[in-house]
Amino acid sequence: MHATAGRILYETLKAHGVTCLFGMEDPIHVFHAVDRAATKVITVRDEKHGAIMAHGCAQATGRPGVCASTSGPGATNLITGLLEALQSSVPVIALVQDHPLKLKGRHAGSALDHAAALTPFVKAVIRIDYPERTAELVRSAFRIATTGRPGPVALICPSDVMATETDGEPYADPAYAHFPAIRSRADAASVARAAELLAKAERPLIVAGGGSVASGAFAEIAELAERFAAPVATTMTGKGAIADNHPLSAGVLGTTTGGLYGRGKVSNTLLTEADVVLVLGSRTGQICYSNWTLPRPETKLIHLDVDPVEVGRNFRTDVPMVGDVRDTLRDLLAHCRAAGLERADRGNGGRMAGLKEEWAREIAPVATSDRQPMRPERVFAEIGRVSDASTLIVTDASYVTGWAMSQLDTTAAGRFILSPRGTAGIGWSLPAAMGAKLADPARSVICVSGDGGFGYVMNELETAARYGVKVLMVVFNNSTLGFQRHWEELLMGSYVECDFMEVDYSEVARALKCSGESVTDPADLAAALARGLACPGPYVINAVIDPEAAAPIMGFDKPIPADATH
Ligand SMILES: Cc1ncc(C[n+]2csc(CCOP(=O)(O)OP(=O)(O)O)c2C)c(N)n1
Ligand SMILES: [Mg+2]
């Protein structure tokens, strides 16, 4: 086609199936070329939120999300969102308007070396300095974002280049329109060795990380678990790799779920006791592997990841395997079938069932508590009752992550929860929920955040109202930076300036053209959630919770008072 480079850029995005574009109308020549019938343009209140919306959109659809910014401060605002995408392996393509090439070095308005500014936060920075190369470079961005370990890519778009008329072919390479693209498989020798170890194990455990969910290895993980009677624990980003009601599901591992009232004790105990552990698609981070004390050094470890630099990063590894989780497990299962390797009758369910019962007894007093201010576990119990396999839960960082990972169940394997585990930055969840809902409107989206985290992003409620983005937002309002406060108390003996004024965030919601209500009595939660889910637009529940309540983080143990009635 013969058109401006800006139009060719947009047409190439469209050819890749891009249905949402988040930004503030720059790069201007791209936005003015958008076919609004094919692509929803979402004008955001902060470019950071646009990057996060693109992240949510990518996770909801399995296709790269696209955000945009103007030059200078618009571009630097993207950084926090891009960093989370980089650390959590999510493909986001950021279009960054650059000052005109012909003004380089003259202190043009908002001039910045965008490539230098963004390089640490993306997989690649691509400059479009030649209009005739626009379509090819957009295809490169998709290829880089979706292959290997997926991640964000910045496309730098000088405004004079974008305005230039040129010739270009805006087609897509279909392989790179979704992720993971070009799946690799581990070698046959390591597959055979892994199968042998699993068959010989007495107490095997599968640890499913985020790569398991990203690769869609749901059927394969369940089949492998059943073949070897191996429980499946997950990391936080791996939640959903197996249905929580599957008898072999052990729940989320680590220190964030392993403390008082936390289900993590089930999976942490099984990981402690395991003799063979198969880690699938995990970067073996600090929290889920209990400060790297688990698995124990004597445990035999098989580690499969798509990124070779992650395999064996933190633990001595008996069988390193590099490949896509889903396709490599297909090979592993085929090998086991052909070799007759199976231990389905091993029967280790008793141990896990016992641990689960213990946890259920431990959490019951807080999950059913009628106390005011409310126990967060009670609020999560009520959210659990209105969620099903078609619900997408989006959590902010801080305490809501621990409560959600521990308490919420999905009855079918699949992507059930989005959480900013790459950086654990607060102020992420609402834009991520909006991006996911815009990309997949059929899905019911419930977003949970602390009040501190919500304070960063509440301006996007107006955006949600403007575009009718139906998200149910539950603000866990303890009028404090809860995690920070309790951490300071543990570390320093007291906390200093963590508390906020008491604010009813449902009033903020109404001022920003959304609906909402405040709930102080747990008896009112069920009806409030029902009203929120029935509301045709965004709805905010200001849930007033106990500032003393801590997530089930190990070492934070804060029991309810012994004289509490519930
Ligand atoms: C961007 C960012 N700033 C600071 C922190 C450090 N931090 C972690 S949790 C937390 C408190 C969060 O408060 P809130 O969102 O109200 O959740 P709560 O812990 O009260 O449930 C802070 C300040 C962070 N993780 N991310
Ligand atoms: Mg708080």
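Atoms within a ligand are numbered from 1 in the order they appear, just like the ligands themselves. Both backbone and side-chain heavy atoms feed into the values below; hydrogens, waters and symmetry mates do not.
In this structure, the protein non-hydrogen atom closest to atom 6 (C) of ligand 1 is Q484 OE1, 4.1 Å. The nearest heavy-atom contact from the protein to atom 14 (P) of ligand 1 is G452 N, 3.5 Å. Closest to atom 21 (O) of ligand 1 among all protein heavy atoms lies Y399 CB, 3.4 Å. Looking only at protein heavy atoms, the nearest one to atom 3 (N) of ligand 1 is Y456 OH, 3.4 Å. For atom 15 (O) of ligand 1, the closest non-hydrogen atom of the protein is G453 N, 2.7 Å.
Annotation for ligand 1: atoms under 4.0 Å from non-hydrogen atoms of S398 are 9 (S), 11 (C), 12 (C), 17 (O), 18 (P), 19 (O).
Residue contact annotation: S398 places no N/O/S atom under 2.8 Å from the Mg ion (ligand 2). The nearest N, O or S atom of T480 is closer to the Mg ion (ligand 2) than 2.8 Å.
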Do E310 and R313 pass the salt bridge (charged side-chain N to carboxylate O under 4.0 Å, His left out) test, and can you show the C-alpha distance, the side-chain angles, and the key distance before you say yes or no? CA-CA 5 Å; E310 295 304 333; R313 178 189 283 276; 2.9 Å; yes

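For the 3.5 Å distance criterion, the side chains of Y505 and S518 fail to qualify, holding no donor opposite an acceptor.
Comparing T401, L481, I426 against atom 2 (C) of ligand 1, the shortest heavy-atom distance belongs to I426.
Contact check on R283 versus D305 returns no salt bridge, with no Lys/Arg side-chain nitrogen under 4.0 Å from an Asp/Glu carboxylate oxygen. Comment: R263 engages D409 in a salt bridge, judged by a side-chain N to carboxylate O separation of less than 4.0 angstrom.
Under a 4.0 Å heavy-atom criterion, F454 is not in contact with ligand 1.
Considering the Mg ion (ligand 2) as centre, the angle to OD1 of D451 and to OD1 of N478 is 90° (10° rounding).
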